[in-house]
Structure formats: C-alpha cells, structure tokens
Amino acid sequence: MPELPEVEVVRAGLAPAVTGATVLGATVLDERALTRHTGDAAGFEATLTGRVIEGAARRGKFLWLPLASLAADESREAVVAHLGMSGQLLLRTPGAATERHERVRLDIAHPVHGELAVVFADQRTFGSLAIDDLVPTPDGAAGGYGLAAASVPSQVTHIARDPLDPAFSDAAFRRALARKDSAIKRVLLDQTVISGVGNIYADESLWAARIHPETPARALTTRAVNRLLVEVRHVLEKALAEGGTSFDAQYVNVNGQAGYFAHSLNAYGRTGEPCPRCGRPIVRVSFTNRSSHFCPKCQRRA
DNA sequence: TCTTTAACCTGTTGGC
DNA sequence: TGCCAACAGGTTAAAG
C-alpha cells in the first residue's frame with residue numbers, strides 16, 4: 001500500500017501528537033508485528049514504557065520516532081515503523097476499541113494534547129515496528145525528513161535517500177543507472193538506489209516521462225534520466241498534496257481518512273482505458289511478480 | 001559481486 | 001450460491 005506520499009501523510013499526522021509525548025505503556029497483540037525487532041514482545045513493551053518521543057522522521061517508506069536518552073552516555077534509540085503493504089498508524093482516544101487488525105498499541109501522554117493511543121494495525125502483517133539504534137549519517141546531512149538530526153536507525157542505513165530529500169544526489173542516481181542492465185522500472189523499485197517509489201508511482205512516473213518500463217536503465221540518455229527525475233518528483237509531490245492514493249480503506253491517514261490521488265492516476269490500474277495523452281488503451285503486463293501499466297504508443301522501448 | 005526469485009500474510013474480487 | 005484462482009500499495013533472505 002504505502003509509498004512515500006502515503007507514509008509522509010502518516011508522519012505529518014503523527015508528528016504533532018507524539019513530539020514531546022511520554023509513552024505510558026505499550027501492548028503487543030501480535031508478535032508478528034515485531035519481525036524487525038531483536039528481542040521479544042515483553043522486552044519491546046518494557047523498553048518503551050516511560051520513554052519520551054522526540055519527533056517523527058521519514059526516509060523513503062521508513063518512519064521512525066527518536067526516543068530521548070535515559071542517560072547522557074546511552075546510545076540513541078528510535079521506534080522504527082514500516083507499513084509494508086497494509087500497515088496503518090492511527091491516532092485514537094485512550095481506551096478506544098481494538099481495531100480489526102490491531103497488532104501494537106502505544107498509550108502516550110502529550111503535554112498539550114493529553115492522553116492518546118497510537119495504534120499500529122496491519123492486515124497482511126508485512127509491516128513492523130522495532131526498537132533500533134540510531135547511527136550517524138555518512139554524509140552528515142539530516143537522516144530523513146521531519147527532523148534535523150544527522151542520524152538514521154541502523155536498519156535504514158541501506159535505504160537510499162528519497163528524491164524529495166535535499167541531500168539526494170541526482171548525479172549519483174545518474175551514475176547508478178549507467179551501471180544497471182536491469183529494466184528501469186526494477187531500478188526505480190530498488191530502495192537502495194532511490195527510495196520512496198513503489199509500484200503505483202513507478203508506473204505513473206514512467207508514463208509521465210514517456211519511458212517504457214522495460215527499457216534497460218543504462219540505455220537511458222542523460223536527458224531521459226533527468227526527465228524521469230522531474231516526473232518522479234512531480235508525481236510524488238502531487239500525490240502528497242492530495243493526501244496520497246487510496247483504493248479502499250486499506251490506506252488512510254492517522255485519522256482513518258482516505259487520500260484523493262486515485263482520481264489523478266494516468267496509467268496505474270487503468271488497463272484498457274484510453275491513455276490521457278494519446279487515447280490508445282493502457283496495457284497491463286505481468287512484471288517481476290507484479291503488474292506494470294503503460295501506454296504502448298507513448299512509452300516506446302529505447 | 002550483482003541480479004532475480006520466492007516467501008512472508010490476509011482479504012477481496014471475478015470467473016466458472 | 002459456492003469454490004478457487006488471481007491479485008493487492010513491500011521487503012528481504014536465499015538462490016542463481
């Protein structure tokens with residue numbers, strides 16, 4: 001479900017509610033939600049209880065909540081969240097009824113907003129929460145969007161910066177593509193090359209840039225790569241402004257509300273419908289165990 | 001070393 | 001109505 005715009009909507013919704021809040025208690029209802037956490041549920045709950053959350057940060061599709069240190073010499077930690085395919089982070093009132101696929105609940109107290117429940121619900125259990133150490137960024141730039149600290153959770157270090165990150169390097173991206181024989185769509189989905197882009201926005205960006213998804217990355221001209229970067233950023237920013245893409249109740253913001261970008265899709269999910277540019281029917285093909293949508297006339301193979 | 005596949009899960013939808 | 005295959009926004013270990 002959630003790609004960069006959806007995760008950013010969640011981060012932005014969470015930030016004012018959790019920044020400065022104290023964790024009163026944590027409840028793990030399903031231990032499968034801790035697959036990225038080293039340790040058991042009891043340890044997770046005990047470690048979090050009493051800690052103060054300093055904010056909400058994001059890189060690509062990863063989200064984290066840095067925790068204030070207990071002692072000056074202690075290593076910094078954060079709660080790392082990944083929503084996987086169907087994860088949600090919801091803000092609820094204290095004692096609110098258990099959500100259908102609720103996996104973890106954090107009860108918090110905010111100095112201004114009072115007590116709240118942060119609920120992690122996840123139908124398919126591909127998402128997860130974990131407590132992880134924060135490590136310095138190699139380039140000294142902010143670790144992600146939302147906080148100025150130059151650190152990231154250790155399990156996020158292999159994730160590339162996302163294209164909306166001021167420290168993202170267009171030149172490094174161009175160099176990476178020049179070394180790849182893989183199809184450009186596969187590379188766009190590779191979070192170690194560029195993060196935040198998933199199946200929906202990859203299809204949308206390639207459609208906008210008029211690039212066939214199976215074009216070998218290294219076959220793209222510099223001009224084409226630059227065009228692609230412009231369109232990736234444009235698509236992500238527009239989706240963010242519209243609150244993300246929702247096809248059903250699966251993707252929602254922290255208040256359970258859907259986004260509107262599904263109405264703005266030009267290629268994804270529009271199999272057989274006319275291309276908004278040329279009128280030719282959009283084609284759907286199976287690709288890397290998922291589907292690609294593109295216009296066979298506008299997006300010719302390089 | 002780099003690249004691709006398979007597996008992890010639950011739920012919904014559409015064809016027969 | 002029921003059954004079953006196909007499919008769904010992602011990541012990662014294992015195999016190639």
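In this structure, Arg179(A) does not reach the dC2(B) phosphate: none of its side-chain N or O atoms is under 4.0 Å from OP1 or OP2. In terms of phosphate contacts, Lys61(A) brings a side-chain nitrogen or oxygen within less than 4.0 Å of OP1 or OP2 of dT11(C). Neither OP1 nor OP2 of dC9(B) sits under 4.0 Å from any side-chain N or O of His101(A). Look at Arg290(A) and you'll find a side-chain N or O under 4.0 angstrom from OP1 or OP2 of dG10(C). Contact annotation: Thr125(A) side-chain N/O to dC8(B) OP1/OP2 distance is not under 4.0 Å. A sub-4.0 Å separation between OP1 or OP2 of dT12(C) and a side-chain N or O of His82(A) is absent. For the OP1/OP2 pair of dA8(C) and a distance below 4.0 Å, the side-chain nitrogens and oxygens of Tyr251(A) include no atom meeting the criterion. Contact annotation: Arg284(A) reaches the phosphate of dC7(C) (side-chain N/O to OP1 or OP2, under 4.0 Å). OP1 or OP2 of dT10(B) has not a single side-chain nitrogen or oxygen of Arg100(A) nearer than 4.0 Å. The phosphate of dT12(C) (OP1 or OP2) has a side-chain N or O of Arg36(A) nearer than 4.0 angstrom. Contact between the side-chain N/O atoms of Ser291(A) and the OP1/OP2 oxygens of dA8(C) is found at a separation under 4.0 Å.
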I'd like to know whether Thr271(A) forms a side-chain hydrogen bond (donor to acceptor under 3.5 Å, both in side chains) with Arg284(A), so could you lay out the CA-CA distance, the side-chain angles of the two residues, the decisive distance to 0.1 Å, and finally the verdict.
CA-CA 6 Å; Thr271(A) 311; Arg284(A) 172 187 173 280; 5.0 Å; no
From CA spacing to verdict: side-chain hydrogen bond (donor to acceptor under 3.5 Å, both in side chains), Glu3(A), Tyr251(A)
CA-CA 10 Å; Glu3(A) 304 180 36; Tyr251(A) 166 68; over 6 Å; no
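In this structure, Leu188(A) atom CG and dT11(C) atom P are separated by 13 Å, rounded to whole Å. Atoms CG (Asn289(A)) and P (dA5(C)) sit 17 Å apart, rounded to a whole Å. Taking atom NE2 of residue His293(A) and atom P of nucleotide dC7(C), one finds them 11 Å apart after rounding to whole Å. In this structure, Asp122(A) places its CG atom 13 Å from C1' of dT11(C), rounding to the nearest Å. In this structure, CG of Asp248(A) is placed 9 Å from P of dT12(B), rounded to the nearest angstrom. Going from atom CG of Leu189(A) over to atom P of dG10(C) covers 7 Å, rounded to whole Å. One atom, CD1 of Ile159(A), and another, C1' of dT11(C), lie 8 Å apart when rounded to the nearest Å. Spacing between atom CZ of Arg186(A) and atom P of dC2(B) amounts to 16 Å, rounded to whole angstrom units.
For dT3(B), the paired base is dA15(C) (Watson-Crick or G-U wobble, both distances below 3.5 Å). Within the shown strands, nothing qualifies as a pairing partner of dG9(C) under the Watson-Crick or G-U definition with both distances less than 3.5 Å.
Across all strands, Tyr201(A) comes closer than 4.0 Å to no nucleic acid atom at all (heavy-atom distances). Residue contacts for Phe261(A): at a heavy-atom cut-off of 4.0 Å it reaches no nucleic acid atom on any strand shown.
A salt bridge between Lys238(A) and Glu242(A) is present, with a side-chain N of the basic residue lying under 4.0 Å from a carboxylate O of the acidic one. For Asp162(A) and Arg59(A), the salt-bridge test fails: no basic side-chain N is under 4.0 Å from an acidic carboxylate O. Electrostatic pairing of Arg76(A) and Glu54(A) counts as a salt bridge here, judged by a charged N lying under 4.0 Å from a carboxylate O.
Ring-base stacking between Phe126(A) and dT11(C) is not satisfied when judged by a centre separation under 5.5 Å and a plane angle under 30°.
From Leu206(A), atom CG reaches atom NZ of Lys185(A) across 7.5 Å, with rounding to the nearest 0.5 Å.
The separation of dA6(C) from dA6(B), taken at their P atoms, amounts to 15 Å, rounded to a whole angstrom. Between dT12(B) and dT11(C), the two C1' atoms lie 23 Å apart (nearest whole Å).
With hydrogens and angles ignored, the 3.5 Å screen pairs no side-chain donor or acceptor of Arg280(A) with any backbone N or O of Cys275(A).
Candidate nucleotides dT11(C), dC9(B), dG11(B) were compared by shortest atom distance to the side chain of Gln123(A), and dG11(B) ranks first.
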